[in-house]
Structure formats: C-alpha cells, structure tokens
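Have a look at the structure below before the remarks.
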There are 2 protein chains.
Amino acid sequence: MQLDERKKKILQAIIRNYLETGEPVGSRTISKYTDLNLSSATIRNEMSDLEELGYILQPHTSAGRIPSDKGYRLYVDTMLEEKEREIQEMKEVLIEREEKTDQLLKQVARVLADSTNYATMISAPAIRKNKVKFIQLSKVDPHQILTVVVVEGNVIKNSILHVEEELTEEMILKLNILLNTQLNGLSLDEINLGMISAMKAQAGIHSELVSGVIDAVADAIKADEDMQIYTSGANNIFRYPELADQKKASELINTFEEKELLSQLVNDTLSEEESGKNAIQVYIGDETPVQSMKDCSVVTATYELGEGMKGTIGIIGPKRMDYDKVIGTLKTLMSQLDALYKK
Amino acid sequence: MQLDERKKKILQAIIRNYLETGEPVGSRTISKYTDLNLSSATIRNEMSDLEELGYILQPHTSAGRIPSDKGYRLYVDTMLEEKEREIQEMKEVLIEREEKTDQLLKQVARVLADSTNYATMISAPAIRKNKVKFIQLSKVDPHQILTVVVVEGNVIKNSILHVEEELTEEMILKLNILLNTQLNGLSLDEINLGMISAMKAQAGIHSELVSGVIDAVADAIKADEDMQIYTSGANNIFRYPELADQKKASELINTFEEKELLSQLVNDTLSEEESGKNAIQVYIGDETPVQSMKDCSVVTATYELGEGMKGTIGIIGPKRMDYDKVIGTLKTLMSQLDALYKK
DNA sequence: GTTAGCACTCAACTCTTAGGAGTGCTAACA
DNA sequence: TGTTAGCACTCCTAAGAGTTGAGTGCTAAC
C-alpha cells in the first residue's frame with residue numbers, strides 16, 4: 001500500500017486536530033472539518049489504511065485515532081518543510097544585553113518556557129577544546145596562593161591553594177613566568193606527564209605548588225564535565241494530562257532536577273549536529289536518549305556564542321506539541337543569540 | 001476546658017498514628033493501640049474535647065480525626081523536647097571532603113532528600129558583610145584586563161574588562177597598588193562615593209578602569225543577592241497523596257525551580273535565627289513565608305561554615321512529616337558540617 | 001468518670017445502566 | 001472501481017443506586 005496525497009492530507013488533519021485537542025480523533029470530525037469533501041465512511045477506510053501503515057493507532061477499539069511516533073515523524077519531517085515559518089515574535093525586550101552568560105541563559109530558559117508553555121532547558125556553552133590563555137598566581141595570605149586560569153573564550157577559573165611555607169614575591173614571579181611560558185596556548189590534551197615533571201623539576205622545592213596549579217588548569221578546561229544546565233517551566237508538564245499522572249510526572253520532574261540526565265540530551269544533540277545534521281533536532285517518543293522522556297517529544301537546537309562555544313537549547317513537551325511553533329521560536333531565538341554575540 | 005495529661009497522650013497518639021498512615025484516625029484505633037486502657041467511647045469524648053480545643057479536626061462527619069496546624073505545633077514544641085533524639089546515623093561516606101563548596105552543598109541536598117524522602121533545599125553561605133581581602137588586575141590581552149577580587153571567606157570573583165588603549169605593565173602595577181591600599185579591609189557599606197572619586201583622580205586617564213573595578217568589587221561582595229540555592233528530591237512530593245494533586249504539585253514544583261521564592265524561606269530563617277531563636281525552625285502549614293507551601297511543613301536549620309558565613313538548609317514535606325527524624329537528621333548534619341570546617 | 005449500645009452519617013466501592021462516539025463491514029450507487 | 005449510506009458492534013464514560021464499613025454523638029447504665 002502506498003501513502004498517496006489524500007492519505008497524507010488526512011494524516012495531517014488527524015495530527016493537527018490531535019495537537020489541538022489532545023483527544024483521539026474520529027472519522028466524522030475529519031470528514032466535517034477538512035476541505036476534502038469526503039464522507040466519514042471513506043475517511044474510515046483511509047484511516048484503516050493509515051493504521052495498517054503504522055502512522056496512527058487506536059488507544060482501544062471504538063476510540064478515535066491518535067498519531068503514532070512514526071506519524072509524528074512524518075509530520076515533522078515533511079509537512080513542516082513546506083512552509084518556512086512566519087516568524088514568531090519573541091519578547092525581545094526580555095533578552096537585555098547581559099554581561100553574565102549564566103544570567104542570560106537562565107532568562108532565555110524562562111522566556112522560552114513562558115512563551116511556549118513547555119518545559120525548557122539550556123546548557124551553557126561547552127569549552128572542551130579551548131586553550132590556556134593566561135595563568136596567574138598571587139599571594140593572598142602568607143599561606144594562601146590564588147590561582148587564576150583564563151582559557152580561550154574568556155572563561156575564568158580560580159582556586160585557592162594552601163602552602164606550608166611562605167613564598168617570596170620573587171618566587172611567585174618566577175613561577176608565573178614558568179607556568180605561562182610552558183602552558184600558554186596548550187589545550188588539555190597537549191599537557192602531558194613529561195611536561196609536568198619537567199616543570200616540577202624546574203620549580204624545585206615548590207614542585208607541589210606546580211601540581212596544584214596544573215590541577216587547577218585541568219579543572220578550568222574540563223569545566224564542562226559537570227555541565228551547567230538551566231531549566232525552566234518544568235511545571236508546564238501538568239498542563240498535559242497524558243504526562244501529568246503521578247508516575248510520569250515524578251520521573252520527569254526528577255530528570256529536570258538531576259541535570260545529569262539532561263546532559264545526555266545535550267551530548268546527543270551536539271554530536272548529531274557535528275555529524276552535519278540540521279541544527280534543529282526533533283526526538284519523538286522513543287527516539288529520545290533520555291528514558292524518562294519516552295512519552296514526550298523533545299526539540300533541541302544548537303546555538304553558538306562565538307569562538308566555537310556551542311550550547312544546546314531543548315524544549316520538552318508532549319508528543320502532541322506544536323512543532324510548528326516550537327521550531328519557529330527556536331529558530332528566531334537562535335538568530336537572536338547570534339546577533340547578540342556578533343555585537 | 002484544660003489540656004490535661006491524658007488529652008495530651010491521646011493527641012500524641014493521634015498524631016503519631018496519622019504520621020504513619022496518612023489516614024484520619026478513629027477512636028477505636030486509639031483505644032486499641034495505646035496503653036491507656038480506655039474504651040473507644042471515652043476516647044471519643046476526649047477527641048470531641050480536643051476538637052473543640054482546636055488541636056484536631058474532622059475532614060468530614062463520620063471520618064476520623066486529623067491533627068490541625070495547632071496540634072502539630074504542640075507536638076513539635078512540647079512532645080518532641082521530651083526525648084533528645086537517638087542520633088540518626090547519616091551516610092557519612094557521602095560527604096567527602098570537597099574543596100568546592102557548591103559541590104558539597106549539592107551533595108548534602110541529595111543525601112538529605114534520599115535519606116528522608118522529602119524535598120530539600122540548601123542555600124549557599126551568605127557573605128554580605130565580608131570585606132575585601134585582595135584585588136588584582138592583570139593584562140590578559142592588549143585590550144582585556146582581568147580583575148580578580150577576593151573577599152573574606154575566600155570567595156573569589158572575577159571579570160574581564162575591555163580597555164580601549166593598551167596599558168603598560170607598569171601602569172597596571174600602579175593601579176594594583178592603588179586599589180589594594182585603598183580598598184583592602186573594607187566592606188561594601190564602607191566604600192563611598194568620595195573614595196571612589198578620589199581614586200579616580202589618582203588614576204588619571206585610567207579613571208574609567210577604576211569604575212570598572214569598583215563595579216567588580218561590588219559584584220563580588222553582593223554575590224549573595226542572587227542567592228545560590230540547590231534543591232533535591234522535589235519529586236518526593238509525589239509520595240504524599242495530599243500534596244500530589246495536580247494543582248498543588250505544579251505550584252510546589254514551580255517553587256522549587258524558581259529559587260527566588262525559596263530565598264524568602266532562607267531570609268526568614270536567617271532573621272529568626274539572628275533574633276536568638278533556636279537554630280532549627282519548624283514552619284507548619286500557614287506559618288510558612290512561602291505561599292505555595294501552605295499545605296506543607298518546612299523544617300529549616302542554619303549552618304555555619306566558619307568566619308560567620310551562614311547558610312540555610314530546608315526540608316519540605318507534608319504536614320505529617322516525621323518531625324522527630326527530620327530534626328534529628330538536621331542536627332546530625334549540622335554538627336557534621338561544623339566538624340568538616342573545623343578541620 | 002467510664003462504658004456499652006445504638007442510631008446516624010458519609011465516603012468509598014461496586015454494580016448497573018444508558019448514552020455516545022467511533023469502528024468495520026456490507027451492499028448499493030455513480 | 002471508488003464512494004457512500006446504513007447498521008451492528010465495541011467500549012469508554014458518566015450517572016445513579018445500593019452496599020459496606022468506619023466512625024461519630026448521644027444516652028443510659030454501671
């Protein structure tokens with residue numbers, strides 16, 4: 001059996017209707033509210049075919065039909081590309097120029113959640129491959145040394161090291177020079193054991209301090225291992241009865257709180273994106289890398305804040321989410337983030 | 001009418017039983033499962049009195065009784081002080097010595113949530129009154145100056161300032177000395193406009209840079225304005241049917257996600273604590289400063305990480321939470337945090 | 001002051017019923 | 001051959017009736 005034009009139209013009508021109402025949709029509804037001018041009986045025949053093809057399914061006999069994951073997939077893949085979206089006006093006001101990236105991200109998550117009524121997440125830009133740009137030790141106290149490491153993209157990381165014996169200013173200057181000349185411009189992969197022991201040798205009695213600093217550098221570069229993820233609008237899931245029952249809600253809420261699980265989503269999106277796919281990914285039902293979201297759909301997008309720092313935005317909602325609107329909104333948002341950092 | 005010893009015992013029995021089961025408790029239950037040796041009829045009379053006194057209430061005629069807020073309050077205030085708790089063994093292993101305070105706090109929240117089955121929150125130590133300890137400017141790029149500010153308690157804050165014309169190393173050294181001599185040891189309140197303009201005058205053409213640095217200092221000190229709060233176990237609320245209905249759950253989840261609301265709780269706890277009250281606060285029902293928690297009980301405690309840096313821990317659960325256990329756990333935890341930072 | 005007994009209340013559960021939405025199938029029509 | 005009308009059938013849902021059981025309040029007796 002083939003999926004002809006009429007079947008596609010009917011499928012589209014079913015999905016549209018289901019997105020709106022959340023109720024299984026019957027043949028009579030389709031017959032009445034489309035311009036196909038077909039009787040409900042004909043629609044029934046077609047629907048029967050569509051079910052056989054796996055695009056829709058019946059929750060139980062004598063209920064209407066609801067889209068299957070495969071149906072949603074088709075909808076998202078083909079029907080959507082027909083018309084490039086009339087752009088959803090984003091409340092631009094809310095995104096003021098903010099120096100602090102994390103503040104900005106939180107705000108983006110919130111605005112998105114407010115305007116879509118879905119749950120949202122956003123990951124801070126990953127900086128995995130960045131290089132050391134600047135290292136500075138300073139004496140804060142007789143026994144405390146402040147280490148500051150700046151990596152490319154101006155991500156700053158610092159820590160305080162405790163030293164047993166007081167260091168002279170001169171010694172600190174020397175160490176500063178040593179560290180900067182040795183490590184500057186290197187990424188984490190490039191700093192190997194040989195280099196470290198050579199540096200330790202040069203540092204003489206302060207070799208311990210050197211290890212401390214190296215650790216700090218390593219920390220700074222792999223800061224994204226415990227990736228920062230901001231979420232908002234988790235309570236929106238209660239808007240959708242199919243997600244609001246206790247078991248599912250509890251699992252989802254948990255996923256949102258323990259950001260570790262969300263990072264799978266981020267990683268998956270980033271790797272998909274790297275492999276040349278579209279910047280916007282749609283995961284429907286079981287396609288998601290996060291188990292607890294198997295009853296949801298997730299739309300993710302990759303954004304870039306210049307200098308190759310990439311982050312991920314995700315919108316999590318019911319399978320019957322308004323794909324049109326969500327994808328439109330994400331596109332707008334991405335171009336705005338882009339514009340923001342072009343400045 | 002007076003609350004005699006026997007009434008107290010019956011009230012206690014009612015509350016205990018309700019805490020366990022979550023179901024309204026009837027006279028017969030009390031008659032059977034206490035050592036009072038009274039018939040259910042007598043208990044009924046007493047219960048009727050207790051209801052008149054406002055300690056218990058009936059959800060509807062012909063249901064058992066449940067404790068009122070007033071009843072819980074009495075229970076927490078008096079019954080609990082009788083026996084100082086046999087200390088709940090905390091999974092000490094989980095609290096490893098962690099350099100990073102925020103990591104530690106996250107872990108504490110999680111452990112608490114796991115071991116109590118309630119939702120938990122923990123606020124990072126406030127550093128409002130701390131003083132500037134160290135300021136350092138360094139040139140990262142020809143046009144980028146890194147500012148590092150360390151305040152007491154070793155909280156470090158940094159930002160990158162953009163400058164139009166390149167500064168010489170010498171100039172930076174001069175600015176460093178100027179800033180450190182002027183600002184060292186001052187708290188935010190003590191840095192006034194007069195000082196700032198005096199410093200600007202001394203900085204000459206680099207007065208703009210000075211304002212930048214001052215801003216950074218201000219940021220560092222009032223970092224707690226957007227207070228860091230970590231939460232865990234929000235999904236535990238689904239364990240308690242009386243909180244798990246959609247409306248309440250949605251509100252609670254939202255409160256947990258938008259940490260702003262929780263900060264009211266933190267502030268209230270801190271101010272109560274400052275006014276000499278006990279270190280552990282119990283908010284029952286309407287007593288809470290956070291509207292959305294009016295169907296919950298909240299137990300909060302203040303902890304101290306040395307040097308006067310105080311934070312708050314909160315446990316949020318149903319009114320029928322196991323007050324005994326929660327308070328015991330909090331006490332243990334606080335002494336452990338104490339020990340941790342005595343080291 | 002305590003207790004036994006009894007009538008009464010009310011939520012919760014079960015069972016039944018009716019209604020309605022929707023399907024699948026068949027036969028007739030263009 | 002595709003489309004349609006008609007009809008029997010399924011199954012969910014809501015509403016109502018009846019039953020059960022826990023629990024109360026009151027009274028009278030000990």
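Within every chain, numbering begins at 1; the chains are lettered A, B, ... in the order of the sequence lines, protein sequences first and strands thereafter. Every value quoted in this text rests on a predicted model; they were computed, and no experiment measured them.
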Practice task
Send over the distance from A/Ile43 CD1 to D/dT3 P, rounded to a whole Å.
Solution key: 10 Å
Problem - Side-chain donor or acceptor of A/Ser292 paired with backbone N/O of A/Thr255 under 3.5 Å - result: no
Problem - D/dT3 OP1/OP2 closer than 4.0 Å to side-chain N/O of A/Arg6 - result: yes
Exercise for the section: Could you tell me whether B/Tyr75 and B/Tyr55 have their ring centroids closer than 6.0 angstrom? Expected result: no
Handout entry: Pairing partner (Watson-Crick or G-U wobble, both distances under 3.5 angstrom) of D/dA14
Key = C/dT17
Exercise for the section: Answer with yes or no whether the side chains of A/Ser39 and A/Thr42 bring together a donor and an acceptor at under 3.5 Å. Expected result: yes
Practice task
Pick base, sugar-phosphate or nothing for A/Arg28, based on heavy-atom distances below 4.0 Å to the nucleic acid.
Solution key: nothing
Practice task
Would you kindly give the CD1-to-C1' distance between A/Ile10 and D/dG2, to the nearest whole Å?
Solution key: 13 Å
Practice task
Taking only the side-chain nitrogens and oxygens of A/Thr42, find out if one of them lies under 4.0 Å from OP1 or OP2 of D/dT4.
Solution key: yes
Problem - Members of residues 47-63 of chain A that approach DNA chain C, where some heavy atom sits under 4.0 Å away - result: A/Met47, A/Gln58, A/Ser62, A/Ala63
Exercise for the section: Find out whether the Lys NZ or Arg CZ of A/Lys319 is both under 6.0 angstrom from the six-membered ring centre of A/Tyr72 and within 45° of the ring's axis. Expected result: no
Practice task
Any chance you could measure B/Arg73, atom CZ, to B/Glu287, atom CD, to the nearest 0.5 Å?
Solution key: 4.0 Å
Exercise for the section: Any chance you could lay out the side chain to side chain contact (heavy atoms under 4.5 Å, CB included) test for B/Met321 and B/Leu19, step after step, and finish with the verdict? Expected result: CA-CA 6 Å; B/Met321 77 163 59; B/Leu19 293 188; over 6 Å; no
Handout entry: Residue matched to C/dT9 through Watson-Crick or wobble contacts both under 3.5 angstrom
Key = D/dA22
Completion exercise
The reported gap from NZ in B/Lys32 to CG in B/Asn37 (rounded to nearest 0.5 angstrom) is 14.0 Å
Exercise for the section: Please step through side chain to side chain contact (heavy atoms under 4.5 Å, CB included) for the pair A/Ile313 and A/Leu112, ending with a clear verdict. Expected result: CA-CA 10 Å; A/Ile313 306 178; A/Leu112 255 188; 3.5 Å; yes
Handout entry: Start and end of chain B contact along DNA chain C [non-hydrogen atoms, under 4.0 Å]
Key = C/dT2 to C/dA11
Practice task
Indicate whether the side chain of A/Ser40 and that of A/Arg28 have a donor and an acceptor atom separated by less than 3.5 Å.
Solution key: no
Fill in the blank from the handout: Note: for B/Asn45 and A/Asn45 on DNA chain C, the residue whose nearest nucleotide lies more 5' is B/Asn45
